Asks: 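I have a structure I would like to understand better, so I am pasting it below and will then ask my questions one at a time.
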There are 2 protein chains.
Amino acid sequence: MFEHMNNIPLLDHDSKTPLHQQAEDQLRRLIRENHFREGDPFPKETDLARRWGISRNTLRQAIGSLVKDGLLERKKRAGTTVRKKKITTDLSSWLSFTHEMEDKGIPFKDLCHTVELKKAGKETARKLQIPAGEKVVTLERIRSTGKNPMVYFESFFHPRIGLTGKENYKRPLYELLDEEFHIIPVYSQEEIRAVAASEKIAALLKITPGTPVLERKRVVLDAGRKPVEYNICYYRSDWFTYSIEIKRPL
Amino acid sequence: MFEHMNNIPLLDHDSKTPLHQQAEDQLRRLIRENHFREGDPFPKETDLARRWGISRNTLRQAIGSLVKDGLLERKKRAGTTVRKKKITTDLSSWLSFTHEMEDKGIPFKDLCHTVELKKAGKETARKLQIPAGEKVVTLERIRSTGKNPMVYFESFFHPRIGLTGKENYKRPLYELLDEEFHIIPVYSQEEIRAVAASEKIAALLKITPGTPVLERKRVVLDAGRKPVEYNICYYRSDWFTYSIEIKRPL
DNA sequence: ATTTTTAATATGTTTGAACATATGAACAAT
DNA sequence: ATTGTTCATATGTTCAAACATATTAAAAAT
């Protein structure tokens, strides 16, 4: 696409934001907007550095960050390319309810599914680290196996991602975020409690109020520990066990 | 600890592995082995670079990587410090209830504490991958904050570890396993449900039967995925929230 | 005593330059 | 045809040097 890469936007050398940051942002955008066919070679470091009027070192700082985030791949002689194999497969057993259920061979479907633009409440704002009242794309879902509702959840997405609310939320969520927005979740901070089902939750899950349900609140972060999603989730515990495997890092 | 940091090992300038890589490895090791008290300042970049005979740039490359991985924190004037909140990295706050509570500044004590040699039940045997009926060291505990029981749990230890039942189980468990038996837990497979407190559990936790409690069953595995411990655990959810941070495996 | 100013300092940014290294491709030898 | 050699090239490593910037702590002014 950028055979003559005169189309690549320039950087603002007078801006207060560092050049390597600008370069990184630009590259992220270019990749996100699919200006590089995946697997396609990037412009050479020397060329791109010259184009942007920055040193090769500075550019490498930017590229290095994207490589660490798994967006790019570098090969010695071959050059730098956009990573083909998305991480989505990895995510399956990690964050995705869809894959989680599929792995267990349990068919399920959405009983209810709404996407809205809501003002962030206090808790949501705090968890996403945004001002309270800011509009966030909110996804609400009830999922079931057979005809029994199994889980109710509400997700709030950080504005910086750029979700419009018009995306196809039927597909696995983290596949969407990865492929369309190049957002790759890395951390998940989870708070889990057993609570008695409130009137509202009980109605949604078609159980009697007071029944124990599993409440999970989680904040999903990217590699830079920037919040991606805040998610509140109630599982019917009579049908569902929350299973995770944790590996000690290092 | 490293007031005169002549104790920090040098780098091998003749090695084929890049210096920034060596530096990164060294730093990882030093952090892992707790040579820096958490929150403690790192040596200054200039000093450490001089000590290792590398340029500040090269050192920064190494540090930058650790920062991206969330092990270090950098502040402009203040210097670089080891991240305090290391839920994922630190073993203590990873599996240990003791440290978990201490980190939150909540004092607690054992209300009840028994160690026995029991025959493994069917479930326990399956999880520990041993024949049912084999004798296993079993630890039973009720722990509380103030006078309210908070958690009841039962732990079964794999026979190969060689526990006699006479060890000092008052100290943090994984400290004991590590130091005395060189068992290092690496994986934790957890199954979490919300259940209504049974008569037995309710009595132990001094709550009314039927109250929602958090049930966690977990199998702890070592690096070779051999079972170390099977643990069943009931938390009073009105007092306790189960918090974890999960990091995506590479 | 409190606020303001100033200076010191550790990290942050950026450059240009030099050399190392892996690898694909062209070429040569078997 | 297969193997080996050479060469060009894009990324990889490392350095020294300079200046920017945020923040703490000391000094000065109120």
Side-chain angles (χ1 to χ4, degrees), chain A residues 2-3 5 8 10-27 31 36 39-83 224-225, chain B residues 2-3 5 8 10-27 31 36 39-83:
Chain A
F2 285 102
E3 43 257 335
M5 59 171 192
I8 297 183
L10 297 176
L11 303 186
D12 177 8
H13 283 250
D14 301 326
S15 165
K16 54 284 147 209
T17 60
L19 290 171
H20 72 84
Q21 185 67 57
Q22 288 186 54
E24 186 179 333
D25 292 344
Q26 281 295 333
L27 290 176
I31 295 168
F36 301 100
D40 251 22
F42 247 48
K44 299 187 281 226
E45 290 180 352
T46 42
D47 291 350
L48 193 50
R50 184 166 46 245
R51 165 73 182 161
W52 277 341
I54 60 180
S55 82
R56 192 174 148 239
N57 265 342
T58 305
L59 176 60
R60 276 180 67 76
Q61 208 176 139
I63 294 179
S65 182
L66 298 209
V67 170
K68 261 230 149 185
D69 284 356
L71 264 69
L72 294 180
E73 252 174 351
R74 284 163 143 171
K75 285 241 175 67
K76 269 264 162 109
R77 163 64 211 272
T80 304
T81 55
V82 178
R83 205 198 66 225
R225 300 191 77 86
Chain B
F2 285 102
E3 45 255 336
M5 57 172 191
I8 297 184
L10 297 176
L11 302 186
D12 177 8
H13 283 251
D14 300 327
S15 164
K16 55 283 148 206
T17 59
L19 289 171
H20 72 85
Q21 185 66 56
Q22 287 186 55
E24 186 179 332
D25 292 345
Q26 280 295 335
L27 289 176
I31 295 168
F36 300 100
D40 250 24
F42 246 49
K44 298 187 282 225
E45 291 179 351
T46 42
D47 292 349
L48 194 50
R50 183 167 47 246
R51 164 75 182 158
W52 278 341
I54 60 180
S55 83
R56 194 173 146 237
N57 264 342
T58 304
L59 177 60
R60 276 180 67 76
Q61 207 176 139
I63 295 180
S65 182
L66 298 208
V67 170
K68 262 231 148 184
D69 285 354
L71 263 69
L72 294 179
E73 251 174 351
R74 284 162 144 171
K75 284 240 175 67
K76 268 263 162 109
R77 162 64 213 272
T80 305
T81 55
V82 177
R83 263 181 68 92

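To find a chain, count down the sequence lines: A is the first, B the second, and so on, and within it residues start at 1. Keep in mind that what you see is a predicted model, and the values were worked out from it rather than measured.
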Asks: At less than 4.0 Å, is any side-chain N or O atom of B:R60 found next to OP1 or OP2 of C:dG12? Yes or no.
Replies: yes

Asks: Report the residues that fulfil side chain to side chain contact (heavy atoms under 4.5 Å, CB included) with A:D14, sequence neighbours left out, ordered by chain and then residue number.
Replies: A:D12

Asks: Using atom types as modelled and distance alone, determine if a side-chain donor or acceptor of B:H13 lies under 3.5 Å from a backbone N or O of B:I54.
Replies: no

Asks: Establish, with yes or no, whether the OP1 or OP2 oxygen of C:dT15 is under 4.0 angstrom from a side-chain nitrogen or oxygen of A:S55.
Replies: yes

Asks: Evaluate the side-chain proximity of A:E73 to A:T80: yes if any heavy-atom separation is below 4.5 Å, no if none is.
Replies: no

Asks: Rounded to the Å, how far apart are A:Q22 CD and C:dG12 C1'?
Replies: 15 Å

Asks: Expressed in angstrom and rounded to an integer, what is the separation of B:E45 atom CD from C:dT13 atom C1'?
Replies: 12 Å

Asks: How close or far is atom P of C:dT14 from atom CD of A:E24, stated in whole angstroms?
Replies: 12 Å

Asks: Rounded to the nearest 0.5 Å, how far does CH2 of A:W52 lie from CG of A:L19?
Replies: 10.5 Å

Asks: Output all residues satisfying side chain to side chain contact (heavy atoms under 4.5 Å, CB included) with B:R50, sequence neighbours left out; order by chain, then residue number.
Replies: B:D47

Asks: For A:Q26, what residues pass the side chain to side chain donor-acceptor pair (under 3.5 Å) criterion, not counting sequence neighbours?
Replies: A:R29

Asks: What heavy-atom pair brings B:Q22 and B:T17 nearest, and what distance separates the two atoms?
Replies: NE2-O, 3.1 Å

Asks: Tell me every residue that passes side chain to side chain donor-acceptor pair (under 3.5 Å) with B:S55, counting only those two or more places apart in sequence or in another chain.
Replies: B:T58

Asks: May I have the distance from B:L59 (atom CG) to C:dA10 (atom P), rounded to whole angstrom?
Replies: 14 Å

Asks: Given that B:G53 and A:T46 both sit by DNA chain D, which one's nearest nucleotide is further toward the 5' end?
Replies: A:T46

Asks: Tell me every residue that passes side chain to side chain donor-acceptor pair (under 3.5 Å) with B:R60, counting only those two or more places apart in sequence or in another chain.
Replies: B:E45

Asks: Nearest-Å distance, CZ (A:R56) to P (C:dT15)?
Replies: 13 Å

Asks: I'd like the 5' and 3' limits of the part of DNA chain D contacted by chain B, with heavy-atom contacts below 4.0 Å.
Replies: D:dT13 to D:dT24

Asks: Reading DNA chain C from 5' onward, which residue's closest nucleotide shows up sooner: A:T58 or A:K75?
Replies: A:T58

Asks: Within residues 14-21 of chain B, which residues have any heavy atom lying less than 4.0 Å from an atom of DNA chain C?
Replies: none

